[in-house]
Amino acid sequence: MELKRLYHNKISRQILCSDAAMLDASFYARNNILIIAEELLGKILVTRFENKLTAARITETEAYNGIVDKASHAYNGRRTNRTEIMYKPGGTAYVYLCYGIHHLFDVVTNVQNVPHAILIRAAEPVYGIETMLKRTGKTTLDNSLTKGPGNVSKALGITTKHTAASLNGKEIYIIDDNFQTYKESIIASPRIGVDYAAEDALLPYRFYIKGNPFVSGKNNLK
DNA sequence: CTGACGATTCACT
DNA sequence: GTGAATCGTCAGC
């Protein structure tokens with residue numbers, strides 16, 4: 001099996017800052033969250049905070065399917081100060097604190113009042129690696145830099161203060177640089193850490209690029 | 001107001 | 001494989 005190692009894939013600043021490449025509202029507003037979660041693989045998540053540009057190609061996502069999904073914060077229509085962000089229109093950032101330590105970044109999808117969200121679980125650095133290393137306190141680049149949702153946010157500088165931010169703004173956005181993610185290299189599997197969700201824990205709502213070293217867990221080769 | 005806990009990570013055995 | 005870290009959120013009183 002061919003291993004997709006994008007490790008050395010660097011992207012120019014010009015492309016990362018191109019408005020034309022930015023995913024727009026129509027991408028996020030769609031109804032089928034599984035399609036969007038799959039299509040986000042291979043897209044590039046870009047952040048620019050205090051003029052520090054960092055970017056990573058998405059390698060792993062998880063869909064949280066709104067009010068019918070027992071794994072979702074918005075299950076059964078739950079509305080709180082925190083989850084209210086999930087009810088915003090597609091193309092909004094939903095960031096929350098997990099275990100008091102980790103800031104997890106989600107992409108809100110669908111239309112207003114339909115609380116769909118896609119967790120970005122892993123990505124492969126393509127720009128601003130020095131900045132990412134500084135943010136994470138690491139000295140060398142390896143897959144731990146952006147493998148796992150807490151690590152992605154940390155490397156890209158995303159925190160809970162960015163929740164509700166538009167993904168069509170200047171600070172956080174996702175671009176399509178026409179990178180080809182081949183269907184046969186995409187795996188769907190159950191989501192991680194959602195045992196509490198009863199039968200919904202078994203749904204194949206996690207998507208990742210087969211064999212990519214920037215994917216959480218150990219068993220990403222099959 | 002209080003207590004329980006989490007869409008995790010990392011160090012250690 | 002096990003356990004600690006660490007705090008905002010949320011249900012319940």
>> Can you say whether a donor on the side chain of A:His102 sits under 3.5 Å from an acceptor on the base of B:dA7, or the other way round?
In response: no
> Can you tell me how far C1' of B:dG6 sits from CG of A:Leu97, to the nearest Å?
Replying inline: 9 Å
> Rounded to whole angstrom units, what separation is found between the CE atom of A:Met86 and the P atom of B:dA7?
Replying inline: 11 Å
> Quick one: do the A:Tyr182 and A:Gln180 side chains pair a donor with an acceptor below 3.5 Å?
Replying inline: no
> To the nearest Å, how far apart are A:Arg78 CZ and C:dT9 C1'?
Replying inline: 8 Å
> With centres under 5.5 Å and planes under 30°, do A:Tyr99 and C:dA5 count as stacked?
Replying inline: no
> Checking all strands, does A:Arg82 fall into the base, sugar-phosphate, or nothing category for heavy-atom contacts under 4.0 angstrom?
Replying inline: sugar-phosphate
> If you count the non-hydrogen atoms of other residues, nucleotides and ligands that lie under 6.0 Å from CD in A:Glu199, is the total more than 12?
Replying inline: yes
> Does C:dC10 have OP1 or OP2 sitting under 4.0 Å from an N or O in the side chain of A:Thr80?
Replying inline: yes
> Does NZ or CZ of A:Arg57 lie under 6.0 Å from the centre of the six-membered ring of A:Phe214, at an angle within 45° of the ring axis?
Replying inline: no
> Expressed in whole Å, how much space separates the C1' atoms belonging to B:dC5 and C:dG3?
Replying inline: 16 Å
>> Parallel, tilted or perpendicular, judged at 30° and 60°: which one describes the rings of A:Tyr94 and A:His73?
In response: perpendicular
> What is the distance, rounded to the nearest whole Å, between atom OH of A:Tyr96 and atom P of C:dC7?
Replying inline: 17 Å
> Heavy atoms under 4.0 Å, any strand shown: does A:Leu119 hit a base, just sugar-phosphate, or nothing?
Replying inline: base
> What's the CG-P distance between A:Asp195 and B:dG6, to the nearest Å?
Replying inline: 10 Å
> Hey, does A:Asn151 reach any base, or is it just sugar-phosphate, or nothing, if we go heavy atoms under 4.0 Å?
Replying inline: sugar-phosphate
